[in-house]
Amino acid sequence: MFDWIDRLADRIVYDGIGMSSGTHMADALHFFIYDSIKILLLLVIVVFLMGVVNSYFPIDRVRNYLSRNRLYGLEYFMASLFGVVTPFCSCSSVPLFIGFVKGGIPLGVTFAFLVTSPLVNEVAVGLFLGLFGAKMTGIYVVSGVLLGTLSGMILQRLHLERLLTPWVKQVLEQSQRDQVAFTGEKQTFKQRFKVILNEVKTILKGVVPYVLLGIAIGGVMHGYVPEGFFEHYMSKDNIFAVPLATILAVPMYSNASGILPVVQVLVDKGVPIGTAIAFMMGVVALSLPEAMLLKKVMTVRLIGVFFGVVTFCIILSGYLFNVIL
Amino acid sequence: MSKVIKILGTGCPNCKTTVALVTEVVHEHHIEAEIIKVEDIMDIMQYNVLSTPAVVVDEEIKIKGRVPSKEELLEILS
């Protein structure tokens with residue numbers, strides 16, 4: 001499917017610039033051109049498709065659905081699933097949280113959504129497709145959904161309502177299973193198309209520089225770091241590798257979309273895939289800016305518990321992947 | 001009649017962009033309007049929005065969860 005990009009990169013590097021095949025420099029450049037085109041292409045496609053889904057199934061509808069239906073345990077899974085198709089900006093986490101609480105949606109279910117939404121977002125999926133292929137992307141998405149579900153169920157069990165800030169407790173007391181009307185239901189596809197295209201542009205503008213930088217760094221490493229270099233330090237036998245990678249990842253902001261291309265090279269050079277996935281999940285799912293925002297609705301202890309549980313689940317899945325893959 | 005435009009947002013980059021855009025459009029087209037930034041989360045929640053930034057014109061939610069384009073804003077405001 002991507003042969004043509006390979007050929008294009010061949011032509012640019014070997015015919016156009018006239019480098020000879022097999023040198024580190026040529027390899028690195030070829031890698032950069034090939035990866036950039038492929039990844040940006042997939043990124044555009046995925047972001048656009050998610051935009052279309054989201055236009056017809058906005059967050060308001062998710063909230064109404066979860067508020068209306070009692071699903072006897074399945075609501076965690078559903079909330080987590082909805083998180084996949086809903087784009088998430090950490091600046092919306094607070095209004096979203098309150099809106100869910102107000103609608104009588106249990107705290108654990110809200111958390112399930114809050115975990116999966118950033119974890120399986122359009123940019124991460126697009127990058128994953130380009131870097132690791134369809135099978136790995138599938139595994140990432142499925143495990144992301146399960147991780148959100150599991151975290152939500154655990155958090156519900158802990159009865160954390162008492163750790164909300166006082167005014168949110170008030171909202172909780174007055175909560176009811178209501179339905180909120182939303183505008184934009186009857187737009188034509190043409191109207192939506194313009195808005196979606198605009199969104200795609202905004203999202204890409206935000207991430208493309210980081211992605212290109214990441215691919216460039218990856219390209220250099222690809223050409224110069226010897227095969228199997230990391231196996232020595234980060235082998236599957238090293239039981240501290242997964243937790244260390246996860247904890248290292250949490251403070252990084254999710255806009256570090258540039259990290260994914262680098263991680264791909266690390267995997268190429270011998271870092272176990274489970275350790276790598278745990279690291280990426282840590283980067284994408286949890287970030288310090290988000291924690292700061294959540295302070296408006298949660299006590300520091302609650303944020304601690306929330307991050308703790310999610311980190312625990314990520315570490316768990318890291319180990320799992322190292323065993324089964 | 002002068003319009004009241006409220007921009008709801010907790011101060012994220014997207015919200016700031018939206019405020020700037022609205023201000024620009026209002027100035028460029030000499031629209032009589034008062035622009036108010038609503039940054040307090042409790043006030044924002046009065047409008048039942050789940051995602052920010054949101055643009056409210058005369059107490060009616062026009063846009064939410066994304067940065068609008070200038071053309072779109074002009075359409076809403078005129």
Side-chain angles (χ1 to χ4, degrees), chain A residues 51 54-55 58-64 66-67 86-103 105 110 113 117 165-168 170-171 174 178-184 191 194-203 205-206 255 289-290 292-297, chain B residues 3-26 28-29 35-78:
Chain A
N54 189 246
S55 175
I59 180 76
D60 309 72
R61 206 169 256 181
V62 171
R63 180 190 167 268
N64 284 353
L66 289 172
S67 178
T86 328
F88 180 82
C89 154
S90 61
C91 53
S92 280
S93 54
V94 169
L96 195 130
F97 186 83
I98 301 297
F100 273 41
V101 169
K102 241 178 148 178
I105 297 167
T110 308
F113 181 87
S117 189
T165 50
W167 75 274
V168 181
Q170 250 173 28
V171 174
Q174 292 156 4
D178 58 351
Q179 300 287 299
V180 177
F182 53 94
T183 47
Q191 281 170 312
K194 252 177 84 183
V195 173
I196 294 166
L197 224 55
N198 242 324
E199 274 289 85
V200 173
K201 256 195 262 168
T202 319
I203 293 174
K205 234 194 258 165
N255 207 343
E290 195 195 345
M292 295 311 286
L293 284 166
L294 288 174
K295 263 174 81 176
K296 282 188 186 144
V297 287
Chain B
K3 289 183 198 304
V4 178
I5 308 167
K6 287 183 181 169
I7 292 129
L8 318 182
T10 41
C12 60
N14 281 348
C15 310
K16 284 178 188 142
T17 314
T18 307
V19 173
L21 279 174
V22 171
T23 316
E24 240 174 82
V25 171
V26 164
E28 275 170 22
H29 298 272
I35 301 168
I36 302 170
K37 277 191 283 181
V38 182
E39 289 187 330
D40 187 80
I41 181 69
M42 289 162 97
D43 295 334
I44 291 175
M45 288 321 293
Q46 300 290 321
Y47 292 92
N48 267 322
V49 293
L50 293 174
S51 46
T52 54
V55 179
V56 178
V57 180
D58 291 335
E59 298 305 299
E60 195 186 330
I61 301 168
K62 295 288 191 184
I63 282 162
K64 55 184 167 183
R66 60 192 172 81
V67 178
S69 68
K70 278 174 95 170
E71 297 85 52
E72 212 179 335
L73 281 173
L74 187 62
E75 213 172 289
I76 293 165
L77 294 175
S78 50

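As the structure is a prediction and not an experimental result, all values here were calculated from the model. Here is how names work: the chains are called A, B, and so on, in the same order as the sequence lines, proteins then strands, and each is numbered from 1.
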TODO: Please assess Ile59(A) against Lys64(B) for the test side chain to side chain contact (heavy atoms under 4.5 Å, CB included), listing each intermediate value before the final yes or no.
DONE: CA-CA 10 Å; Ile59(A) 180 76; Lys64(B) 55 184 167 183; over 6 Å; no
Task: Residues Val171(A), Met45(B); criterion side chain to side chain contact (heavy atoms under 4.5 Å, CB included); working and verdict - done: CA-CA 10 Å; Val171(A) 174; Met45(B) 288 321 293; over 6 Å; no
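Considering Leu8(B), Ile41(B), Leu50(B) in turn, Ile41(B) is the only one that fulfils the side-chain contact (heavy atoms from CB on, under 4.5 Å) rule with Pro95(A).
At most 12 heavy atoms of other shown residues, nucleotides or ligands fall within 6.0 angstrom of atom NZ in Lys194(A). Around atom CD of Glu39(B), more than 12 heavy atoms belonging to other residues, nucleotides or ligands sit under 6.0 Å away.
Between Arg66(B) and Asn198(A) there is no side-chain heavy-atom pair separated by less than 4.5 Å.
To the nearest 0.5 Å, atoms CG (Asn48(B)) and CD1 (Ile98(A)) are separated by 11.5 Å.
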